[in-house]
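In what follows, a single structure is set out as C-alpha cells and then discussed.
Chain A is the first sequence line, chain B the second, and so forth, proteins listed ahead of strands; every chain is numbered from 1.
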Protein chains: 2
Amino acid sequence: MMGKHMGPPWWHGRFRGRGYRITVAREAILDVLNRTSEHLSAEDVYLAVHKVHPNVGLTTIYRTLELLVQLGLVFKFDFGDGRARYELAETPKGTRHHHHLVCTVCGRVIDYTDFIDDEIELLSRTEQALSKKFNFKITNHLIQFYGLCNECHRKQ
Amino acid sequence: MMGKHMGPPWWHGRFRGRGYRITVAREAILDVLNRTSEHLSAEDVYLAVHKVHPNVGLTTIYRTLELLVQLGLVFKFDFGDGRARYELAETPKGTRHHHHLVCTVCGRVIDYTDFIDDEIELLSRTEQALSKKFNFKITNHLIQFYGLCNECHRKQ
DNA sequence: GTTTTTAATGAAAATGATTTTCATTTGCTC
DNA sequence: GAGCAAATGAAAATCATTTTCATTAAAAAC
C-alpha cells in the first residue's frame, strides 16, 4: 500500500500556490499516474479513473492532463501512434529520469535509465551553451531513439 | 540555381530500387522539400506544390510524405502544435545534422548544429550500448530542447 | 455551518489533421 | 503502343482533441 503517516498529497502545494482547486477528478488522475509506470494515453487515464469515479468525463481528463503538463508535473510524449502519452514527471520519491526507445514497427516503447548519467552531463553542458547562444531559457528536453525492437527485428 | 550537368535526381535510385514509381507529384514534393530549410507541414507542402501543379491533391501529399518517411528520406517531427512537420533527411551535399529548440509559448523552432559533434559522439556510444543491452536496432534519434525563446522570455 | 463566488465539470457538438474508399489515371514493362 | 498494377484525386470517414455552455462544487467570506 501507500506510505504510512502521510499528510496531504505532495502535489497539493503546487496547486494551491497557483490558485488551482483540488478536486476529486484531479486527485483521481494524479493517483492513476502515480500508480503506473506505463505510458498512458488520455483514454487510458480515463478508463482507469472511470473504474473508481464513473462520473468523471474524458473532457476533464484532457483538461487536467494539459494543466499538469503546464505545471510541469507531467510530461507529454508523442510516440508516433497518433495519440499523446503522459507520464508523471516526478514521484514522491523522485523517479529516475529516463529516456525512450521506440520501435517504429510495433510501437513498443522501452524506458531506459542506463547511460543516463553521461547523457545528463552532456545535456546540461549543451543546454547551457544553447541558452547562452540563442538566449533561450531551456526548461526541458526530449530524447528518443527509434528503431526495431528485438521481436520486430527478428521477423523482418 | 541548381547544380549544372545534373543527371537524374539523386533519389531516383532509392525509388526504383524498391519498386516505387517516379511521378510528377513525387518529384514536385521532393523539390519543395529540397528548396527549403523550414519545417513544413503537409499543408505547407501542399500549398507550395499547388503553385506549380494545381492538380496534385492534399491526399497525395500525405501519402508521399509518409512514403518518404518510411524510406528514410524525410524526417517527421512533432513540435506540439498539432500538425506534423517534415524535413528532408539529406540533401545531395548532405545537410549538416541538426537538432531543435522549441519555444513552448510561441511555438518557434530554432535549428542548431553547434555542439552537435559532442552530442553525436555521445549518442553513438549510447546507441551502441542500448542496441546491445536491449537488442534494439537503432536507426534514428530525436533530440529536442524545450523552453522560452528570447521574445517570449522577455514578455513573461 | 451557511452563503457566496467563480473555477471546474460533463455532455454534446465542433474542430481539424490525417486516413480511407473507390473510380480513374498514369508510370513502366514487354 | 498495349497491358497492368501502382498512384492519384475527390469526397467521405476517422478519431484524437477542443470548445461551448449550462450545471456543479471547491474554497473563501461571512
Q. With distance as the sole test, does B:N34 use its side chain to make a donor-acceptor pair with the main-chain N or O of B:D31 at under 3.5 Å?
A. no

Q. Just by modelled atom types, is the A:R26 backbone N or O under 3.5 Å from a matching donor or acceptor in the A:T64 side chain?
A. no

Q: Return each pair, listed once, that meets ring pair (Phe, Tyr, Trp, His ring centres under 6.0 Å) where at least one residue sits in residues 18-45 of chain B; pairs must be two or more places apart or across chains.
A: B:H39-B:F79, B:H39-B:H100

Whole angstrom value for the distance that separates [atom2] of [N] from [atom1] of [X]:
X: A:H50; N: C:dG10; atom1: NE2; atom2: P; result: 10 Å
X: B:L58; N: D:dA7; atom1: CG; atom2: C1'; result: 16 Å
X: A:L67; N: C:dA8; atom1: CG; atom2: P; result: 8 Å
X: A:D78; N: D:dA16; atom1: CG; atom2: C1'; result: 12 Å
X: A:D81; N: D:dT17; atom1: CG; atom2: C1'; result: 14 Å
X: A:L71; N: C:dA8; atom1: CG; atom2: P; result: 11 Å
X: B:E66; N: D:dA6; atom1: CD; atom2: C1'; result: 17 Å
X: A:Y62; N: C:dT9; atom1: OH; atom2: C1'; result: 17 Å

(Q) Under the salt bridge (Lys or Arg N to Asp or Glu O under 4.0 Å) definition, can you give me all pairs with a residue in residues 65-78 of chain A, not counting sequence neighbours? (A) A:E66-A:K76

Q: Would you mind classifying the nucleic acid contact of A:R26 as base, sugar-phosphate or nothing, using non-hydrogen atoms under 4.0 angstrom?
A: sugar-phosphate

Q: Using a 4.0 Å heavy-atom cut-off across all strands, classify A:R21 as base, sugar-phosphate, or nothing.
A: base

Q) On DNA chain D, nearest-nucleotide positions of A:V24 versus A:G82: which is more 5'? A) A:G82

Q. Considering residues, nucleotides and ligands other than B:H153, do more than 12 of their heavy atoms fall under 6.0 Å from its NE2?
A. no

Q) Do the ring planes of B:F77 and B:F75 sit parallel (below 30°), tilted (30 to 60°) or perpendicular (above 60°)? A) perpendicular

N/O contacts under 3.5 Å, protein versus nucleotides 11-14 of chain D?
from: D:dA11; atom 1: N6; to: B:T59; atom 2: OG1; distance (Å): 3.3

Q | Out of D:dT17, C:dC28, D:dG9, whichever nucleotide has its closest atom nearest the side chain of B:T60 | A | D:dG9

**Q.** Sub-4.5 Å side-chain heavy-atom contact between A:T126 and B:F115
**A.** yes

Q. DNA chain C: B:R83 or A:R63, which has the more 5' nearest nucleotide?
A. A:R63

